[in-house]
Every structure is written in structure tokens, then in C-alpha cells.
Q: 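Dropping the structure in here first, questions after.
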Amino acid sequence: MSLIHGGHAAFGSLDADRARTAFLRCLCQICGQFLDARCYLIVHPADIARGHSPEPALHPECLPYAAAHCPMLNGTATHYRHRPVLATHPAGRPCTDPSCACPSRSPDEGRAARSGRPADRYEAWMIHTRTYRLLFTPGRPGAPIGISVDVPVLRRRLLRTATLTPDQQRLMGLLRPLLDES
């Protein structure tokens, strides 16, 4: 579902048309095939607060691929980007293609709140596809914003822990000796 821009995957930015198709047709975001009886949602704290996962679901068999290759899920990205993913071409150059369908270069509300912050905790929640329920942009029934997380969760799998800020790391260093004593 990652946007392909200039021949490169722009991790952190979904291809809106492919994501919409995956949402509406219950397709896996990795392989593009129909979801089986159970699927996984990728969830982090902001998704829980909003009540939906903004990414299409995926097969249990496809989760290891996503967890291994997504920089946010595998831990290689320790912080969210400071600027929108396509503020520049993936190679660092401005996009000069006038026919390019680059997504908006202005950050959405969620992106602005995360900009430059340490990465959150990410989990994979297995749900039954019977409980797969899309939420839509008000007044736009064909524009899904995500999959409801207000559903029974069959299994939770930790994909990555949150990255601690320097202050949090310092406090953990002070607490560790006390925790080791108990």
C-alpha cells in the first residue's frame, strides 16, 4: 500500500487509491488478496484514541513481511519524520514531474502531532473478519478513514516498543537499580 514515487517506495505514505480499494474490498495491504477468516490490524496509541486503524488489514501470513520491512515496525526508524514524506523526492530532490499525483505536501493533523517525536509502540491485533467494520469520512460514504478498533481482539502481538525520549531514558537509568533490588 506504500505510495510508489519516482520508482521508490515512499514508506510512511499510503497510495490513497490502492488503500481505498483494499479497505472496500477487504484486501490484504501486503499481497492484495482477499482477507481470510482472521486478519491483523496494525495499531498504535493514536489509533486507539481515534478509534480506527488508518491502514488496510493484512493476512497473518503477511504480517512477518510487514514487520521485517517497514522501518517503523522493525525499529530502524526511531522517530517520526520532521516533514511530510514527499516534501522532497525519496532521493532528496524536489519532485519536478508536473503530471505526478504526489499526495498533499501539507501535514495532516496526526502527522503534525507526531512530527519529529520518538516512535510509538506498535501492535498487531488479530480480529475476525466478521467484525471488520470500516469507518468513513462524514458525508462521504465512499471515503473510508480506517477500520474500527472497537472490536473483539483475538490476539495481540507486540511489533515494537516505544522509543524513549532522552529524559525517559535518564529516568529509567535511575529506576533500574531500584527495580533490580526488589
Q: Provide the closest heavy-atom pair for L27 versus F34 in the form atom of the first, atom of the second, distance.
A: CD2-CD2, 3.6 Å
Q: Closest heavy-atom contact between R20 and P144?
A: CG-CD, 3.9 Å
Q: How many angstroms lie between atom CG of L41 and atom CD of E123, to the nearest 0.5 angstrom?
A: 11.5 Å
Q: Which atom names give the shortest non-hydrogen contact between A22 and Y132, and what distance separates them?
A: O-OH, 3.8 Å
Q: Is there a path of hydrophobic side-chain contacts, each under 4.5 Å between heavy atoms of I/L/V/M/F/W/Y residues, joining V153 to L134?
A: yes
Q: Checking side-chain polar atoms at under 3.5 Å, does D150 have a donor or acceptor matched by the opposite partner on S148?
A: no
Q: Show the nearest heavy-atom pair for residues Y40 and R155, with the distance to one decimal.
A: OH-CD, 3.8 Å
Q: Same hydrophobic cluster for L35 and F23, using side-chain heavy-atom links shorter than 4.5 Å among ILVMFWY?
A: yes
Q: What distance do Q33 atom CD and L58 atom CG have between them, rounded to the nearest 0.5 Å?
A: 13.5 Å
Q: Quick check against the 3.5 Å criterion: does S53 have a side-chain atom that pairs as donor or acceptor with the backbone of I147?
A: no
Q: What's the shortest heavy-atom distance between A119 and M72, and which atoms?
A: CB-SD, 3.5 Å
Q: Name the atoms and distances for all side-chain donor-acceptor pairs under 3.5 Å in residues 60-67, with sequence neighbours left out.
A:
none

Q: Do you reckon V151 sits in the same ILVMFWY cluster as V43, going by side-chain contacts under 4.5 Å, direct or chained?
A: yes
Q: Let me confirm one number: the CZ-NE2 distance from R117 to H79, rounded to the nearest 0.5 Å.
A: 9.5 Å
Q: Find out whether P54 and D47 are in side-chain contact, i.e. whether some heavy atom of one side chain is under 4.5 Å from a heavy atom of the other.
A: yes
Q: Quick check against the 3.5 Å criterion: does T129 have a side-chain atom that pairs as donor or acceptor with the backbone of A37?
A: yes
Q: For the residue pair V149 and W125, establish whether any side-chain heavy-atom pair is separated by less than 4.5 Å.
A: yes
Q: Looking at E55, H59, R18, which hits side-chain hydrogen bond (donor to acceptor under 3.5 Å, both in side chains) with Q29?
A: E55
Q: Could you report the tightest heavy-atom contact between A124 and I42, atom names first, then the distance?
A: CB-CD1, 4.5 Å
Q: What do the steps show when you test I127 against L154 for side chain to side chain contact (heavy atoms under 4.5 Å, CB included), and what is the final call?
A: CA-CA 6 Å; I127 67 168; L154 304 173; 5.6 Å; no
Q: Return yes if some donor-acceptor pair links the side-chain N/O of N74 with the main-chain N/O of A68 below 3.5 Å, else return no.
A: yes
Q: Main chain of R38, side chain of D36: is a donor-acceptor contact present, judged purely on distance under 3.5 Å?
A: no
